[in-house]
2 protein chains.
Amino acid sequence: MRRLRLQLCVFRLKGRRSGKGSLAKETKNTLRDSVYSALKAMIVTGQIPPGSRVTENDIAAKLTVSRTPVREAFNRLERDGLVTGRPRQGYVVTEFDINMFREAFEIRELLDGHATELAATAATAQDKARLRAMLAECERLAAIPERTNREKFQELEVGIDLHRVIAEISGNVMLHNMLCGILDKCQHYVWTELLWLDEWKIARDEHAEIVDAICAGDAARAGTLARAHVRGSRDNVLRLLQAKSDYRNFLAKAS
Amino acid sequence: MRRLRLQLCVFRLKGRRSGKGSLAKETKNTLRDSVYSALKAMIVTGQIPPGSRVTENDIAAKLTVSRTPVREAFNRLERDGLVTGRPRQGYVVTEFDINMFREAFEIRELLDGHATELAATAATAQDKARLRAMLAECERLAAIPERTNREKFQELEVGIDLHRVIAEISGNVMLHNMLCGILDKCQHYVWTELLWLDEWKIARDEHAEIVDAICAGDAARAGTLARAHVRGSRDNVLRLLQAKSDYRNFLAKAS
DNA sequence: GCATGCTATTTTGTATACAATTTTGAGTGT
DNA sequence: ACACTCAAAATTGTATACAAAATAGCATGC
């Protein structure tokens, strides 16, 4: 059974402090929250790969805290679906499950579509500026020549954050929270499974169209575009997964 | 600030062991799970009223366990949105918030509608029998003459469970989980805020129509009915809340 | 050489002890 | 009578100790 070996953070996530060593008082919340954020960041970015077993002691030692806050963080992560734990067998980073991926996108089509409709009605001038700025940031990151995984990941993150922000603008807090939960999982999977493929590409044009519709206040069009975008993303991801699976089968047959 | 006084269970929830005294090995899972179930049942049924402050020590003492499993249960409950806790100020059973109620029903319209569509396609003969049995149970409970709150609550619970089962039949596990989370909250509110009103009535006929459509395999009709039913429930609840609010205002003005 | 059973280690589950912070309340001064 | 201060109590946050269970490794027997 693969055992976790915590690697140093390759890069920092904006906003979140991905803790290595003692997580100081940077985030002056409770330790539990800090551990939660740190672990979540490590999982979502694939630094702790899916399927790896994670023990409380290791994490506690790495982060130089006691097991208690680590346990509580694990509880929350389990609730998020990022780790799965059975009674006395510890926790495992949730493995990729193509069926769950399908389910997630099926729900996203509903929720994202609705959130985008609401956002088109509710967006203030400030909100619109914020969305446009995110698009610009995406463009900037995409235009960097010979970019590394770091830039690729940043582009992915901004692209997904765009949907989080749209959900926030919708004004329905519960909707926002639910979508964020789903997006965390998707991000985790996309990053760990797909980003290494050269063919990966964020649908920048689709994002731009959606933002345009929101800025124009055209709720119906924004919703339609968003739903189509989710379907497109799903198909794109499933296609890549298929290619990856084929490749693996090819390797297996060759050996 | 109101302090919690745990009351004895007035009646037991089917399936769940609502723990009073030491929660024995009935559920042979971990203590954390037992505490979680017990607390959740107490909150959902309003035995611990919204707004009451809940301290770890009280619960731990009542259930004769240490604070550790209680803390972990609180963490999960907070994640469910049934209690809200601020860093060093303990936990409070989430208070009723009419806006959150609106948000929940807005999302339910999407998710319940979709789940019902899926269920109409996916339901097996066994599933259909199960749904019909639940309807029959509802009828039976409704027909009891001079029924007490106990029967009223049971009818409510079966009526809500119907939606949980439909979501389960849909086959989309994530959808099922999300809907269950929302329904828990709604049940909690309906029970604590509205059930005392005589006008409260479950829409038995609407439920029957939905089940009929599912059994007929008519996905489109089932979905349409489900969405209309959710809207109807929302309007019904909001109307009752308005009446309650008016009543309170009347009392306040009179004094 | 392989399977089986036992022990030893690891790891989680629970309890308790301690620290830090917030709340409460009494007491004092105006 | 009211407000303010400070101390004591209560409560959560964290650490550690102990118990129970599961895993892993080794030895033994076939």
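The chains referred to below are lettered A, B, ... by the order of the sequence lines, with proteins before strands, and numbering in each begins at 1. All values reported here derive from a predicted model rather than from experimental measurement.
Atom OH in A:Tyr36 sits about 20 Å away from atom C1' in D:dT14, given to the nearest Å. For the pair A:Arg53 CZ and D:dT23 P, the interatomic distance rounds to 8 Å; values are reported in whole Å. The distance between atom CZ of A:Arg71 and atom C1' of C:dG13, rounded to the nearest whole Å, is 6 Å. Look at OH on A:Tyr91: it is 15 Å from P on D:dA22, rounded to the nearest Å. As rounded to whole Å, 11 Å separates atom P of D:dA22 from atom CZ of A:Arg86. Between A:Asp33 atom CG and D:dG13 atom C1' there is a gap of 11 Å when expressed in whole angstrom units.
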Would you tabulate the pairs of protein nitrogen or oxygen atoms and nucleotide nitrogen or oxygen atoms of nucleotides 15-22 of chain C closer than 3.5 angstrom?
unit_1 : atom_1 : unit_2  : atom_2 : d
C:dA15 : OP2    : B:Ser66 : N      : 2.7
C:dA15 : OP2    : B:Ser66 : OG     : 2.9
C:dA15 : N7     : B:Thr68 : OG1    : 2.7

* To do: For the pair B:Asp80 and A:Arg79, evaluate salt bridge (charged side-chain N to carboxylate O under 4.0 Å, His left out) and give the outcome as yes or no after the intermediate values.
  => CA-CA 9 Å; B:Asp80 292 340; A:Arg79 210 91 192 124; 3.1 Å; yes
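Counting only N and O atoms by type, the side chains of A:His114 and B:Glu109 include no donor and acceptor under 3.5 Å apart.
B:Ser170 places no side-chain N or O within donor-acceptor distance of the main-chain N or O of B:Leu118, the cut-off being under 3.5 Å. Under the 3.5 Å distance criterion, the side-chain polar atoms of A:Thr64 are left unmatched by any main-chain donor or acceptor of A:Ala60. Listed for the B:Glu78 side chain is no donor-acceptor partner under 3.5 Å among the backbone atoms of B:Asn75.
Using a 4.0 Å heavy-atom distance criterion, A:Arg32 is classed as a sugar-phosphate-only contact.
Under the 4.5 Å side-chain criterion, counting only non-hydrogen atoms from C-beta, B:Leu238 is not in contact with B:Gln242.
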